[in-house]
Amino acid sequence: MKLLPLLFVLLASAADAAKRPNILFIFSDDHALNAISSYEGPLKDAAPTPNLDRIAEQGAIFTRSYCTNSICGPSRASILTGKHSHINGYVDNNTSRFDGSQTTFPKLLLKSGYQTALVGKWHLKTTPEGFDYWEVLPGQGSYYNPDFIQQDGGRKRYTGYVTDIVTERAIDWLKTGRDKGKPFLLMCQHKAPHRNWSPALRHVDLWDDVDLPEPKTLFDDYSNRHPSLAKQRMSIANDFFWGWDMKLNGDARFPEYFMPGLANGERGRMNEDQQAAWDAAYETENQAMIATVEAGEMKGDAVTRWKYQRYIKDYLRCIRSVDEGVGRMLDYLDESGLAEDTIVIYSSDQGFYLGEHGWYDKRWMFEESFAMPFLIRWPGVIKPGSRSEALIQNIDYAPTFLEVAGVEIPETVQGRSLLPVLKASGKAPEDWREGLYYFYSGEATHRVAAHDGVCDQRYKLMYFPGDKSWNLFDLEKDPMEMRSVHDDPAYAKELERMKGLYARLRDEYRMNEATLPAHRNDQGWWKKRHEETLKEVKKGGHELVFIGDSITQGWEGAGKQTWAEFYGDRKPLNLGYSGDRTEHVLWRLLNGELEGVDPKAYVLMIGTNNTGHRMAPPEETASGIKLILELLRDRSPDSKILLLSVFPRDEKPDGAKRKINDGVNEIIKGYADGEMIHWLDLSDTFLAEDGTLPREIMPDFLHPKAQGYRMWAEAMEPKLKELLD
Ligand code: CA
C-alpha cells in the first residue's frame with residue numbers, strides 16, 4: 001500500500017518536470033496592508049500602488065493572511081521552514097539566530113533541480129544556505145549607498161538607493177545569472193519600508209502640500225484592553241527619535257516630544273549631492289516646525305499630528321520605490337516571455353502600524369501587525385481578480401512552493417499548501433484549518449508584553465502569560481480591536497470555545513514549555529559552557545556525542561574515570577548541562593552546538609528536570625524529547641541515536657517524580673524505530689528487586705555516584721558498540 005502514493009508522486013513529478021513554474025518571491029519589510037491600494041485601506045486614494053495592484057488584478061489577493069510571530073527574523077525563518085518559531089528556533093530578534101543547517105524550501109527546490117537565488121535583505125544572522133546565488137544586505141542594511149555581502153564573504157558597496165539596487169540586482173540575475181534550462185526560485189527581498197523610512201531622492205517631495213488622512217485610533221487611550229498596551233514604547237506621541245525617525249538635524253530639542261540620542265545615520269551615508277538634495281527637501285519643513293513649537297504655536301496633540309505626517313509620508317515614499325521596483329520586475333517578465341511560466345508573489349515579513357492605536361512598529365497580535373500582505377499571480381492557474389478570505393499564514397509558503405515544484409513536503413512542515421485554494425479562485429476547501437496560532441516572545445525592545453493567541457474567521461483570543469490573563473476581540477463588531485470582551489458575560493460561550501481552539505492549536509503545533517527553546521544565559525557558568533562548547537564543536541571530528549542534563553554532565557565528575565576508560569578513544573563530546581530541561585537542549589542545539597557535528601552516534605537522555613522543576617506532565621516532556629530527536633535526524637540523517645530512558649528518581653517506585661519519569665519513558669520508547677533511533681531502558685540496572693533506588697548508587701535519588709556511572713557504561717556498552725561499528 002505504501003508504494004502506491006510514492007509511485008504516484010514519482011509519475012506526477014516526472015510528468016510535471018518539464019513545466020515546473022518559476023517562482024518570483026518579492027518580499028518587503030514591514031509593509032502594512034493599509035499601504036497597498038488593493039487592500040482598500042484609508043490611504044488607497046492618496047497613495048496608490050498600481051504595480052502591486054497589478055499582481056492582485058491578474059491573480060489573487062488574500063485578505064486574511066497572517067504571520068506566526070510579528071517581527072523580521074522569526075517571520076523569515078517561518079517562511080523558509082514552513083514551521084512556527086519554536087520549531088525552527090528563531091524565536092526572537094535579539095537572542096535567536098537562524099540555524100541554517102535545517103531543512104528549508106530553497107534547499108529542497110535546489111536539490112530537485114531548481115536554480116535558486118536570493119537578493120536583498122536576509123536578516124537571519126547566519127549565512128544563507130540553499131541558494132546557487134545570493135547577495136544580501138548585512139543585518140538591517142542601509143537605504144543609501146548600501147553594502148552587500150558577497151558569496152565569497154567580501155562586501156561590495158553600491159552607490160544609490162537600496163530598493164532600486166535590489167531590483168536591479170534581481171533583474172540582472174534573471175537576465176544574465178541564471179541557467180535558462182532550469183526553473184528558478186528568485187527571492188527579491190527589500191529593506192524598505194523598514195524604519196527609518198528613508199525615501200529615494202526622487203520621492204522626497206511626494207505629498208508635500210497635503211495632509212494625509214489620520215487613522216481613527218491615532219489617539220487611542222488603551223482602555224478596555226490588557227494593561228500592557230499602555231506600557232509599550234512604540235507610540236508616535238512619545239517614541240520617535242529626533243534624528244533617526246523624524247529626520248531632524250543637529251542636537252535634539254523639545255524632549256517632551258522627541259527622543260534624543262540617535263541621529264539620522266542614513267544622511268551620514270549620503271554623498272554630497274545626495275545630501276544636498278535631501279536637505280533641500282526636508283530642511284525648510286524642519287525649521288518651520290522648530291520655529292512653531294518654539295513660539296508655543298504648536299503643542300501636545302498637534303505635535304503628534306506633525307510627527308504622524310512626517311512618518312506616514314516617509315513610509316509611503318519608501319513604498320513608492322518598492323511599487324516601482326515591482327513594476328520593473330513585472331515588465332521584465334513580460335518582455336522576456338517569462339511571465340506565463342512564473343508565479344509572482346508579493347508579501348512582507350509582517351504588517352505595521354501606520355498610526356493605528358497611536359503606534360508605529362509591529363509585534364502585537366492586533367490586525368495591523370499580525371496581517372501580512374499576500375498577492376499572487378499565476379497565469380493559467382489562478383483566475384484573475386480572485387479574492388480569498390481563507391486563513392493563511394507564512395508557514396504555508398514553503399509547502400506551497402514545494403507542491404508546485406512537485407517536491408515532496410516533509411512531514412515536519414507545519415503549514416499547508418495553498419495550491420487547492422489557488423486553484424479554486426481563493427476558496428478554501430472544506431477541511432481547511434479552523435484557526436491560526438500566533439506567538440510573540442516579548443523582547444525588551446518597545447516593551448511589548450509576551451503574548452500568544454489564536455484567531456478564527458471572526459474572533460481573536462490573546463493570552464498574556466505575564467499575568468495569566470486573556471483578551472478576546474469580536475472582529476466583526478469591533479474591527480479596530482478597541483474593546484476586549486473576555487469579561488463580557490454575553491461572550492462567555494465564545495471565550496470558552498476560543499480557549500478550546502487555543503489548546504487544540506498549541507497541541508497541533510506542538511507548543512508548550514518543553515518545546516519552546518530557552519537559554520539560561522543569565523547564569524554565567526551556563527553561558528560560558530555554551531561558548532566553550534561552540535569552540536569545541538568547531539574543531540570537528542566528534543564521533544560519539546552525549547546530550548543531556550546534570551546526569552550527563554556528571555561524566556566530567558563522578559563518571560570521569562569510566563568515561564576515559566570507555567569513551568576516551570571514541571572521539572566523544574559531552575553536551576550535558578546541569579539543570580537543563582528539554583527546552584534548554586533545544587536552544588543549545590539550535591544555536592550552534594551541532595554546527596559541523598555529524599557523529600556516528602548520539603546518546604540522548606533528557607527530561608528529568610522537566611519533572612523535577614515543574615512536575616510537567618509526561619506528554620509535554622515527551623513532546624520536547626520528540627522535537628530533539630527530529631532535530632538530530634534533520635541535521636545529521638546518517639547518525640544513529642541511542643535514546644535512553646529517563647533515569648528513575650525518588651527512592652520508592654510510587655514516588656511522584658518516579659511515576660512521571662516512568663510515564664515519559666512509556667511514551668518516548670515509541671519514538672525508536674530500531675534503525676536510526678534505538679531505545680535502551682536502563683532502569684533495571686540501577687533498581688533493586690523491589691523497585692527501590694539504592695542510596696549507594698544514587699545518594700540523592702537522581703545523580704549516580706562513580707559506581708553508578710560504571711554500571712551505566714557497562715549496561716550500555718553492547719548497544720553502543722553495535723551503533724558505533
Ligand atoms: Ca519586518
Side-chain angles (χ1 to χ4, degrees), residues 25-36 39 52 65-81 84-85 88 90-98 118-126 128 136-143 146 162-163 166 187-199 232-234 239 244-245 266 311-312 314-316 318-319 321-323 325-326 345-356 359-375 393-395 397 438-446 448:
F25 183 72
I26 312 175
F27 193 61
S28 60
D29 196 318
D30 295 358
H31 195 168
L33 274 60
N34 277 336
I36 296 176
Y39 279 103
L52 293 172
S65 152
Y66 297 95
C67 61
T68 50
N69 182 349
S70 184
I71 25 174
C72 302
S75 177
R76 288 156 199 269
S78 282
I79 287 170
L80 290 169
T81 59
H84 276 275
S85 306
N88 65 48
Y90 211 110
V91 173
D92 61 47
N93 271 338
N94 293 343
T95 64
S96 301
R97 62 200 268 294
F98 186 64
L118 162 72
V119 177
K121 187 162 176 180
W122 172 247
H123 201 213
L124 287 170
K125 299 182 192 169
T126 49
V136 298
L137 296 163
Q140 295 283 10
S142 302
Y143 275 104
V162 70
T163 307
V166 169
M187 302 181 82
C188 170
Q189 309 201 144
H190 291 292
K191 167 186 174 62
H194 193 276
R195 195 179 183 186
N196 76 344
W197 319 293
S198 290
Q232 45 62 40
R233 296 294 308 274
M234 49 185 271
D239 305 310
W244 179 241
D245 297 309
E266 291 292 344
Y311 160 59
I312 193 67
D314 279 348
Y315 181 92
L316 293 171
C318 289
I319 299 292
S321 298
V322 172
D323 188 67
V326 169
I345 294 103
Y346 182 82
S347 182
S348 182
D349 56 358
Q350 79 289 308
F352 214 66
Y353 294 95
L354 304 181
E356 300 90 352
W359 294 336
Y360 66 95
D361 212 72
K362 48 231 179 188
R363 299 163 208 280
W364 296 97
M365 199 195 173
F366 296 113
E367 286 298 286
E368 290 83 358
S369 53
F370 181 28
M372 289 169 76
F374 193 78
L375 312 173
Q393 205 161 18
N394 50 358
I395 50 172
Y397 303 0
Y438 177 83
F439 166 86
Y440 176 69
S441 73
E443 292 166 286
T445 332
H446 298 288
V448 174

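Just so you know, ligand 1 is whichever comes first in the structure, and atom 1 is the first atom listed for that ligand.
Listed by chain and number, the protein N, O or S atoms at a distance under 3.0 Å from the Ca ion (ligand 1) are Asp29 OD1, Asp30 OD1, Cys72 SG, Asp349 OD1, Asp349 OD2, Gln350 OE1, Gln350 NE2.
If you take NE2 on His446 and NZ on Lys362, they are separated by 7.0 Å, rounding to the nearest 0.5 Å.
Screening Tyr353, Phe352, Trp359 against Trp364 for a ring pair (Phe, Tyr, Trp, His ring centres under 6.0 Å) leaves a single residue, Trp359. Only one option out of Ile79, Ile71, Asn69, Asp29 pairs with Asp349 in a side-chain contact (heavy atoms from CB on, under 4.5 Å); it is Asp29.
Between the side chain of Ser78 and the backbone N or O of Ile395 there is no donor-acceptor pair closer than 3.5 Å. Looking only at distances, no side-chain donor or acceptor of Asn394 sits under 3.5 Å from a matching main-chain atom of Cys67.
By the ring-ring contact (aromatic ring centres under 6.0 Å, His included) test, Tyr66 is found to be paired with Phe370, residues two or more places apart in sequence or in another chain being considered.
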